[in-house]
Amino acid sequence: MENNKVQNSESIQKANDPAIYKTIVIGLILCMIGTFGRFAYDSFAVSLITWIILFIGAIICCKAVFKILDSSK
């Protein structure tokens, strides 16, 4: 029983790492920039760049969330 508690506390500490949440915030900021840029300008090139920024932000957020989920092992 104690071994399980030790493992749980280690996984909780790893999941609560501030670096993971900073990564999520950076990804969210990129997503917001990408979303705003898509609707702010009416140019194909700018729209394409903002789509790329949006997907990069989404990928960064997903990686951070998967790090949190992976810490439960």
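The basis for the numbers below is simple: all heavy atoms, side chains too, and nothing from hydrogens, waters or symmetry mates.
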Measure the [atom1]-[atom2] distance between [X] and [Y] for me, rounded to the nearest 0.5 Å.
X	Y	atom1	atom2	result
L48	I52	CG	CD1	4.5 Å
T35	I53	OG1	CD1	10.5 Å
C31	I24	SG	CD1	11.5 Å
D17	T23	CG	OG1	8.5 Å
I60	F55	CD1	CZ	13.5 Å
I33	I56	CD1	CD1	11.5 Å

Is the number of heavy atoms from other residues, nucleotides or ligands within 6.0 Å of OH (Y21) greater than 12? yes

Would T50 and L54 count as a side chain to side chain contact (heavy atoms under 4.5 Å, CB included) here? Give the steps. CA-CA 6 Å; T50 56; L54 177 65; over 6 Å; no

Quick check on the hydrophobic clustering: are V65 and L28 connected, directly or via other members, by side-chain heavy-atom contacts under 4.5 Å? yes

Does F66 offer a backbone N or O that forms a donor-acceptor pair with the side chain of D70 under 3.5 Å? no

